[in-house]
J.: 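Take this structure, written in structure tokens, and hold onto it; I'll ask about it next.
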Amino acid sequence: MTPDERAMIDFVLRWSPFDDGDEYILPQFGLTPAAFYYRVRTLLTAPTDEIDLATCSLLREICRTKLSRPTPHPRPKTSSATNRIVDAGSTLE
């Protein structure tokens with residue numbers, strides 16, 4: 001396991017008691033939360049002596065739970081002056 005892969009595993013384990021921390025994934029790892037948990041889940045398919053069976057099961061369950069949640073959609077841009085939705089190609093007068 002590479003140091004970066006180990007850091008991903010450690011991140012999941014550190015935040016697992018809180019069921020949170022996703023907002024730190026992009027700045028720390030350069031991945032969206034979905035890509036991050038998919039990659040962690042993929043890491044767990046390769047046999048390794050670095051992670052015991054109970055921890056591996058916990059990590060798989062966390063990844064399954066995180067990946068089953070709907071992805072939040074970004075809000076449309078609004079004009080602060082009129083609070084109207086602004087089309088990407090339109091201009092406000």
J.: I need the D52 CG to S57 OG distance, nearest 0.5 Å.
T.: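 These two atoms lie 8.5 Å from each other.
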
J.: Working to the nearest 0.5 Å, report the span between CZ of R60 and OG1 of T55.
T.: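 So the gap between those two atoms works out to 11.0 Å.
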
J.: Say whether, by atom type as modelled, one donor and one acceptor occur between the side chain of T2 and the main chain of E5 under 3.5 angstrom.
T.: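 Yes; judged by distance alone, with no hydrogens or angles, the pair exists.
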
J.: If I compare all heavy atoms of F36 with all of V12, which pair ends up nearest, and what's the gap?
T.: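 Scanning both residues, the minimum pair turns out to be CE2-CG2, 3.5 Å.
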
J.: State, with a plain yes or no, whether a side-chain heavy atom of I51 is found less than 4.5 Å away from one of L44.
T.: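 The answer is yes; the side chains approach within 4.5 Å.
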
J.: So D22 and K66, side-chain contact (heavy atoms from CB on, under 4.5 Å) or not? Walk me through it.
T.: CA-CA 9 Å; D22 288 0; K66 294 282 190 170; 3.2 Å; yes

J.: Rounded to the nearest 0.5 Å, how far apart are CD of Q28 and CE of M8?
T.: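 So the CD of Q28 and the CE of M8 are separated by 10.0 Å.
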
J.: Output the distance between atom CZ (R64) and atom OH (Y37), rounded to the nearest 0.5 Å.
T.: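 Between atom CZ of R64 and atom OH of Y37 there are 14.0 Å.
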
J.: Are Y24 and I62 connected into the same hydrophobic cluster when the rule is that any two of I, L, V, M, F, W, Y join if their side-chain heavy atoms are below 4.5 Å apart?
T.: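 In one cluster: yes.
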
J.: Closer than 4.0 angstrom, basic N to acidic O: yes or no for R69 and D19?
T.: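 Yes, this pair counts.
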
J.: Using 0.5 Å steps for rounding, measure from the CG atom of L58 to the CG atom of L13.
T.: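 So the gap between those two atoms works out to 6.5 Å.
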
J.: Report whether L26 and F18 are members of the same hydrophobic cluster (ILVMFWY, side-chain heavy atoms less than 4.5 Å apart, transitive linking).
T.: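 No, separate clusters.
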
J.: Taking E50 for its side chain and M1 for its backbone only, find out whether a donor-acceptor pair lies under 3.5 Å.
T.: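 Yes: the side chain of E50 pairs with the backbone of M1.
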
J.: Would you give the length of the straight line joining atom CH2 of W15 to atom CD1 of I25, rounded to the nearest 0.5 angstrom?
T.: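 Spacing of CH2 (W15) from CD1 (I25) equals 10.0 Å.
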
J.: Determine the interplanar angle of the F11 and F29 rings, folded into 0 to 90°, and report it as parallel if under 30°, tilted if 30 to 60°, perpendicular if over 60°.
T.: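 Answer is perpendicular, since the angle exceeds 60°.
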
